[in-house]
Amino acid sequence: MIILVAGAAGPAGQAFVRRFTDKGHTVIGVDKSGADGTLAVDLLDLDAVKRLARDVEAEHGRVDGIAHLVGGWRGGKTFAETKLEDWDLLHDLLVRTLQHVTLAFEPLLKASEKGRFAIVSATGAQRPTQGNAAYATAKAASEAWTLAFADALSGTNATANILVVKALVNDAMRAASPERKFPGFTDVADLAEAFDALWETDANGTRIDLTRG
């Protein structure tokens, strides 16, 4: 399979790259930083994303899976402390990059025999708190866009779904804070496994709760 991982240099992205590379799939890791062997592509640049899509099409003719892992967080303690500059940043990271990737890669995902797309959202999108107003709003917007994308994929062999977590945890975080329990957090390896499991279902436009009790 041909798997595109957007935001591949982060801990979650690296877990996805490892999982699918270990299974023998072709993984195209994309990250603005270009770190850890990823392709340096600014997903806020629509022309650059379109060029990436053309390059993938020229080499592979399709894409079988897209994991959109571009993220970020900004927030505070109270609603009154919300900074609209944080909203601008989160809108770009969580919404605009998603829009560019889906618009550019929709034809390639539809060209797959079983294309799968997913974003990672947060429980806070459904239950926003005052200090997370900007973040929760951006996550809710990204969910709405993904559900619209799922509707566009209806009747094809491709699907788009939402993987929902409270927060993510990885080995480096555990090593840095060995006393913490990280209740409800989802390990990045489990997140990658959940994305892999999408090929076992035809579910489209669903929210899959990965919150750990």
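The residues of the chain are indexed from 1 along the displayed sequence. Every heavy atom of this structure was used, including side-chain atoms; hydrogens, water molecules and symmetry mates were not.
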Please check: side-chain N/O of [X] versus main-chain N/O of [Y], any donor-acceptor pairing under 3.5 Å?
X    : Y    : result
D64  : S112 : no
E57  : R62  : no
K32  : L44  : no
S154 : D151 : yes

Exercise. Got L43 and V41 here, is their nearest side-chain heavy-atom distance under 4.5 Å?
Worked result: yes

Exercise. Tell me, do L210 and V164 make a side-chain contact under 4.5 Å, heavy atoms counted?
Worked result: no

Problem set entry | Linked, directly or transitively: V70 and V17 (ILVMFWY side chains, under 4.5 Å) | no

Exercise. Where is the tightest heavy-atom contact between A53 and A104, given as atom of each residue plus distance?
Worked result: CB-O, 3.7 Å

For this session: Work out which heavy atom in V49 is nearest to a heavy atom in D42; give both atom names and the distance.
Result: CG2-O, 4.2 Å

[X] [atom1] to [Y] [atom2] distance, which is reported to the nearest 0.5 Å:
X    : Y    : atom1 : atom2 : answer
L153 : K110 : CG    : NZ    : 6.0 Å
K77  : T129 : NZ    : OG1   : 13.0 Å
F16  : D196 : CZ    : CG    : 9.5 Å
T26  : I28  : OG1   : CD1   : 7.5 Å
L168 : T186 : CG    : OG1   : 6.5 Å
L39  : D55  : CG    : CG    : 9.0 Å

Can you tell me if [X] and [Y] form a side-chain donor-acceptor pair at under 3.5 Å?
X    : Y    : value
T97  : H68  : yes
N132 : W73  : yes
E143 : S121 : yes
D36  : T38  : no

Problem set entry | Crowding at NZ, K83 (>12 non-hydrogen neighbours, <6.0 Å) | no

Exercise. Hey, mind stepping through D88 and R96 against salt bridge (Lys or Arg N to Asp or Glu O under 4.0 Å) and telling me if it holds?
Worked result: CA-CA 10 Å; D88 293 338; R96 187 64 75 196; over 6 Å; no

Exercise. Between H91 and W87, what is the ring plane arrangement, given parallel below 30°, perpendicular above 60°, and tilted in between?
Worked result: tilted

For this session: Return the orientation label for the F20 and H25 ring planes: parallel under 30°, perpendicular over 60°, tilted otherwise.
Result: tilted

For this session: Test Y135 against L94 for side chain to side chain contact (heavy atoms under 4.5 Å, CB included), laying out the working first.
Result: CA-CA 9 Å; Y135 176 75; L94 304 181; 4.2 Å; yes

Problem set entry | Trace of the salt bridge (Lys or Arg N to Asp or Glu O under 4.0 Å) decision for R116 with D202 | CA-CA 9 Å; R116 295 293 180 263; D202 292 325; 3.4 Å; yes

Problem set entry | salt_bridge(D47, K50) N-O dist < 4.0 Å | no

